[in-house]
Structures are given as structure tokens and as C-alpha cells.
Amino acid sequence: MRVKTHYSQRQTGVLCLVSGLLMTAARLALGDDARGSYLLTNEHVDLKVILAPEGTNLLQLVFRDHLQSVDRPTRETVVRVPETARLTIPEGFEAVGPAGSDLWVLPAGQDPRLLYLGFSTEGLNLPPQSLELFARRVDGPAQFALWQFDGTGGLSVTFQSRDGLDETDRLRLPTGAHQHHNVGLSKPGLTTVWLQVRATVGGTNAWSPETPVLFAVDPLPKE
């Protein structure tokens, strides 16, 4: 159950100002593709694989907003990562960055202050198989990492842009599944991660377009 929060008129004005600044920054980053951008803050949202309309690429990646029960194009959406997501990387976890450095993390476990970001192929009308999600490139000041804890106190890292991205940076997504991973960004500012999904359809590989996911990591630069 979501608890309703009541704001004063002044607090509401501040929230609207912050949202407006983020939207302006997003439009500058994505140009015309960011018109009407929607800000994701602390909802439960999945990056979901769907079948595209006929006449386009067969697969698409969209944001499934569970709170609003709607699919949102990624080019019209901004993921906010607030300063409350900032952690210090401890010794022994250098797989996601240098020990002692900052990392802004959207965790695999739900935190009501932060976006709960998952990955989903639920409802996808394809034969049982494992789809593959690739991280293609990262544009912006931050390095990007995706990982889970491996059950022995270590990390199982799926994506890590710090050492470059290649075909080994892939996440397996079984058809009809839903999963959560820790998402980390190393610096504040606007960073776009480009993702692409592959599936086998009719014995051949089908691809989604390379899809931008824009992260707005606080504190955003003032200029």
C-alpha cells in the first residue's frame, strides 16, 4: 500500500521546480526526443520487452509503470537517482568501482525512497527461450554497472562500462520472467545508457533498436 504524502504550498512549488529543471535537462540531453518526458522517481517500474507494431523492429524496450498501469517509451522518460542513493564502495567490492569512491545505487531490493527498477519479459508472446539484453554504450559523465549478490558475499556483475562494453556485457531474460538487479552510476549528472535486446524468432535472430535510458543523478549541475 502506498502512503499518501501531503505537501504545503511552498513544498509543492519546490517539487514542481525540481521536476521542471530535470525535464529541461532531459530535453537538452535528448533533444526533440525528450518532448513530454515523464519523470520516474520511486515507483515500481520494469524495463519490459514487448513485440513491436507490425512494420517496425520486431522487439521493443519500454518502461512498464506499475503504479499507472501504462507502458512508457524510454525516449519520453527520465529515471531520477537522488542523493539518497549515494553509497561509498567498500573494500572487496572493486568490481563496481574503486573502494572508497561514490556510487549511486538503485537497489535490487525495494526502498520506498528510490525507484524500484526491474527487467521483465512477462506477457511476451514468444516460444520459451532466454532473450539477451546487451549494454551497447554509455553517454555522459557516469560509469554504469549492473549486478547481483552471488550468495557467498561476492558480486555477480552483468554490465560494467568502466572496462569497456562488448558482447560479454549481457543479461539473460527468460521468457515470462521478472527479475531485479542493482543498478549503479558513478557520478552525478545526465547519463544515457543504450540497451538492445535479442531473441530468436522463427530460427533467426531478431533485435530491438538500440534504446536510450536516461538517468538524472543528483546533484545535477546548475548550468
Next on the checklist: Would a single hydrophobic cluster contain both Val45 and Leu171, if residues Ile, Leu, Val, Met, Phe, Trp and Tyr are joined by side-chain heavy-atom contacts under 4.5 Å?
Outcome noted: yes
Item to check | Under 3.5 Å donor-acceptor, Gln160 side chain and Arg162 backbone | outcome: yes
Next on the checklist: For Gly97, is there any backbone N or O sitting under 3.5 Å from a side-chain donor or acceptor partner on Ser101?
Outcome noted: no
Next on the checklist: If we ignore hydrogens and angles and just use 3.5 Å, is the side chain of Thr204 paired with the main-chain N or O of Val201 as donor and acceptor?
Outcome noted: yes
Checklist outcome for this item: Taken in chain and number order and not counting sequence neighbours, the residues that satisfy side-chain hydrogen bond (donor to acceptor under 3.5 Å, both in side chains) with Asp166 are Thr168
Checklist entry - Just wondering, are more than 12 heavy atoms of other shown residues or ligands nearer than 6.0 Å to CG in Asn125? => result no
Checklist entry - Around atom CD of Glu91, are there more than 12 heavy atoms of other residues, nucleotides or ligands at under 6.0 Å? => result no
Next on the checklist: Determine whether Gln196 and Arg136 satisfy the following criterion, side-chain hydrogen bond (donor to acceptor under 3.5 Å, both in side chains), listing intermediate values before the conclusion.
Outcome noted: CA-CA 7 Å; Gln196 188 176 32; Arg136 293 306 190 191; 2.9 Å; yes
Checklist entry - Other than Val62, what residues sit in its cluster of Ile, Leu, Val, Met, Phe, Trp and Tyr side chains whose heavy atoms are under 4.5 Å apart, directly or through others? => result Ile50
Checklist entry - Could you give the distance from CG (Leu103) to OG (Ser186), rounded to the nearest 0.5 Å? => result 7.0 Å
Checklist entry - With no hydrogens and no angle check, is any side-chain donor or acceptor of Asn182 less than 3.5 Å from a backbone partner on Trp147? => result yes
Checklist entry - Would Phe144 end up clustered with Leu47 when hydrophobic side chains under 4.5 Å apart are linked, directly or stepwise? => result yes
Next on the checklist: Using side-chain contact (heavy atoms from CB on, under 4.5 Å), reason through Leu133 and Leu195 one step at a time and then give a plain yes or no.
Outcome noted: CA-CA 7 Å; Leu133 179 69; Leu195 302 173; 4.0 Å; yes
Next on the checklist: If we ignore hydrogens and angles and just use 3.5 Å, is the side chain of Asp169 paired with the main-chain N or O of Ala135 as donor and acceptor?
Outcome noted: no
Item to check | Side-chain donor/acceptor of Glu76 to backbone N/O of Thr74, under 3.5 Å | outcome: no
Next on the checklist: Less than 4.5 Å apart, side chain to side chain, heavy atoms only: is that true for Leu115 and Val79?
Outcome noted: yes
Item to check | Value rounded to 0.5 Å, distance of CG in Leu185 from CZ in Phe215 | outcome: 5.5 Å
Next on the checklist: Apply side-chain hydrogen bond (donor to acceptor under 3.5 Å, both in side chains) to residues Gln143 and Ser161 and explain how you reach the verdict.
Outcome noted: CA-CA 6 Å; Gln143 299 295 338; Ser161 67; 2.7 Å; yes
Next on the checklist: Quick check on the hydrophobic clustering: are Leu155 and Leu146 connected, directly or via other members, by side-chain heavy-atom contacts under 4.5 Å?
Outcome noted: no
Next on the checklist: I'd like to check the ring pair (Phe, Tyr, Trp, His ring centres under 6.0 Å) partners of Tyr116; sequence neighbours left out, ordered by chain and number.
Outcome noted: His44, His180
Next on the checklist: Quick check on the hydrophobic clustering: are Leu114 and Val183 connected, directly or via other members, by side-chain heavy-atom contacts under 4.5 Å?
Outcome noted: yes
Checklist entry - Within the distance-only criterion (no hydrogens, no angle test), does the side chain of Thr121 pair as donor or acceptor with the backbone N or O of Pro174 below 3.5 angstrom? => result yes
Checklist entry - Is the closest side-chain heavy-atom distance between Leu51 and Leu124 below 4.5 Å? => result yes
Checklist entry - If we only count heavy atoms from C-beta on, is the Arg64 to Ser120 side-chain gap below 4.5 Å? => result no
Item to check | Verdict with supporting geometry, Leu40 and Val78, side-chain contact (heavy atoms from CB on, under 4.5 Å) | outcome: CA-CA 6 Å; Leu40 297 171; Val78 180; over 6 Å; no
Checklist entry - Do you know the tightest heavy-atom contact between Trp104 and Pro82? => result CD1-O, 3.5 Å
Checklist entry - Nearest heavy-atom pair of Pro221 and Gly189: which atoms, and what distance? => result CD-CA, 4.0 Å
Checklist entry - CG of Asp65 to CG of Leu67: how many Å apart, nearest 0.5 Å? => result 5.5 Å
Next on the checklist: For Leu126 versus Ala199, what's the shortest heavy-atom pair and its separation?
Outcome noted: CD1-CB, 4.1 Å
Checklist entry - Do Phe134 and Trp207 have ring centroids that are under 6.0 Å from one another? => result yes
Next on the checklist: Determine whether Phe63 and Asp46 satisfy the following criterion, side-chain contact (heavy atoms from CB on, under 4.5 Å), listing intermediate values before the conclusion.
Outcome noted: CA-CA 6 Å; Phe63 279 113; Asp46 291 327; over 6 Å; no
Checklist entry - Can you list the steps and then say if Thr192 with Val213 is a side-chain contact (heavy atoms from CB on, under 4.5 Å)? => result CA-CA 5 Å; Thr192 301; Val213 178; 6.0 Å; no
Checklist entry - For residues 70-95, which residue pairs qualify under ring pair (Phe, Tyr, Trp, His ring centres under 6.0 Å), counting only residues two or more places apart or in two chains? => result none
Checklist entry - Minimum heavy-atom separation for Pro188 to Pro141, with atom names? => result O-CG, 3.3 Å
Item to check | Within one Ile-Leu-Val-Met-Phe-Trp-Tyr cluster: Val157 and Phe159, side-chain cutoff 4.5 Å | outcome: no
Checklist entry - CZ/Arg113 to OG1/Thr84 distance, rounded to the nearest 0.5 angstrom? => result 5.0 Å
Next on the checklist: One thing to verify: whether Arg137 and Glu210 come together as a salt bridge, which I'm taking to mean a side-chain N less than 4.0 angstrom from a carboxylate O.
Outcome noted: yes
Item to check | Ring-face cation contact, Tyr38 with Arg72, 6.0 Å cut, 45° max | outcome: yes
Next on the checklist: Looking at every non-hydrogen atom in both residues, tell me the closest pair between Ala206 and Leu58 and how far apart they are.
Outcome noted: CB-CD2, 3.7 Å
Item to check | Gln129: side-chain hydrogen bond (donor to acceptor under 3.5 Å, both in side chains) partners, not counting sequence neighbours | outcome: none
Checklist entry - Between CG of Leu131 and CG of Leu59, what distance do you get to the nearest 0.5 Å? => result 6.5 Å
Checklist entry - How long is the gap from CG on Asp102 to CZ on Arg86, to the nearest 0.5 Å? => result 5.0 Å
Next on the checklist: Taking ring pair (Phe, Tyr, Trp, His ring centres under 6.0 Å) as the definition, give me every residue that meets it alongside Phe119, ordered by chain and number, with sequence neighbours left out.
Outcome noted: His181
Checklist entry - Is any NZ, NE, NH1 or NH2 atom of the basic residue among Lys48 and Glu122 found under 4.0 Å from an Asp or Glu carboxylate oxygen of the other? => result no
Checklist entry - At their closest point, which heavy atom of Pro209 faces which heavy atom of Thr211, and how far apart are they? => result O-OG1, 2.9 Å
Checklist entry - Judged by atom type as modelled, is there a donor-acceptor pair below 3.5 Å linking the side chain of Gln68 to the main-chain atoms of His66? => result no
